[in-house]
Asker: 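First, the structure itself, so that you have it in front of you.
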Amino acid sequence: MKKSGIRHVLVAEGETVKGVISMQDVMSVIQKDERLSLVSLAKKYPGISSPVEQMKEELKENANETANNSETAKKDIIRAGTAILSISSLALFLSQSQWLHDHADIAMIAIFVLG
């Protein structure tokens with residue numbers, strides 16, 4: 001990828017794009033296991049002959065491990081909640097509602113908490 005100046009590679013099955021593998025993805029997998037080679041990938045995934053497919057399987061495994069982590073789920077819920085509250089606050093502010101004018105002290109506390 002580096003020799004050709006390619007930073008992203010589309011992963012497709014037929015005419016359907018399944019995803020994108022970036023140079024950063026490849027490097028992160030290599031850095032996790034400095035001894036990573038095509039031979040070790042072939043031993044880990046014996047039914048898959050293509051190095052790209054082997055790398056894709058490795059990335060899927062890592063993503064599944066991260067998704068099954070309860071701490072990751074908690075962080076995602078907190079991030080989603082914060083995003084929803086932030087967007088709601090912004091919409092309320094931009095609408096210049098009477099409620100916001102009457103309850104400015106509550107709005108300031110909410111902005112402080114979100115910050």
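Everything numeric in this text was worked out from a predicted model, so none of it was measured. Both backbone and side-chain heavy atoms feed into the values below; hydrogens, waters and symmetry mates do not.
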Asker: Once salt bridge (charged side-chain N to carboxylate O under 4.0 Å, His left out) is applied, do any residues pair with K18, and if so which ones, sequence neighbours excluded?
Answerer: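 K18: no salt bridge (charged side-chain N to carboxylate O under 4.0 Å, His left out) contacts found.
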Asker: List for me each residue that meets side-chain hydrogen bond (donor to acceptor under 3.5 Å, both in side chains) alongside D105, sequence neighbours excluded, and say none if there are none.
Answerer: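 Listed in chain order: nothing, the list is empty.
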Asker: Which residue pairs satisfy the salt bridge (charged side-chain N to carboxylate O under 4.0 Å, His left out) criterion with at least one member in residues 76-89, sequence neighbours excluded?
Answerer: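 Matches after skipping sequence neighbours: D76-R79.
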Asker: Indicate every side-chain donor-acceptor pair of residues 4-11 with a distance under 3.5 Å to a residue at least two apart or in another chain.
Answerer:
none

Asker: Got a sec, which residues hit side-chain hydrogen bond (donor to acceptor under 3.5 Å, both in side chains) with K75, two or more places apart in sequence or on another chain?
Answerer: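 Applying side-chain hydrogen bond (donor to acceptor under 3.5 Å, both in side chains) to K75 gives none.
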Asker: side-chain hydrogen bond (donor to acceptor under 3.5 Å, both in side chains) with S22: which residues, sequence neighbours excluded?
Answerer: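 Here the qualifying residues are D25.
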Asker: What's the spacing between T82 OG1 and I87 CD1 if we round to 0.5 Å?
Answerer: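 Interatomic distance, T82 OG1 to I87 CD1, rounded to 0.5 Å: 11.0 Å.
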Asker: For E15, enumerate each residue passing the side-chain hydrogen bond (donor to acceptor under 3.5 Å, both in side chains) test, keeping only those at least two apart in sequence or located in another chain.
Answerer: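 None.
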Asker: Around Q24, counting heavy atoms of other residues, nucleotides and ligands shown, do more than 12 lie under 6.0 Å from its CD?
Answerer: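 For Q24, atom CD is not crowded (no more than 12 foreign heavy atoms under 6.0 Å).
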Asker: Applying salt bridge (charged side-chain N to carboxylate O under 4.0 Å, His left out), name anything that partners E13, two or more places apart in sequence or on another chain.
Answerer: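 Scan of E13 (salt bridge (charged side-chain N to carboxylate O under 4.0 Å, His left out), adjacent residues dropped) gives none.
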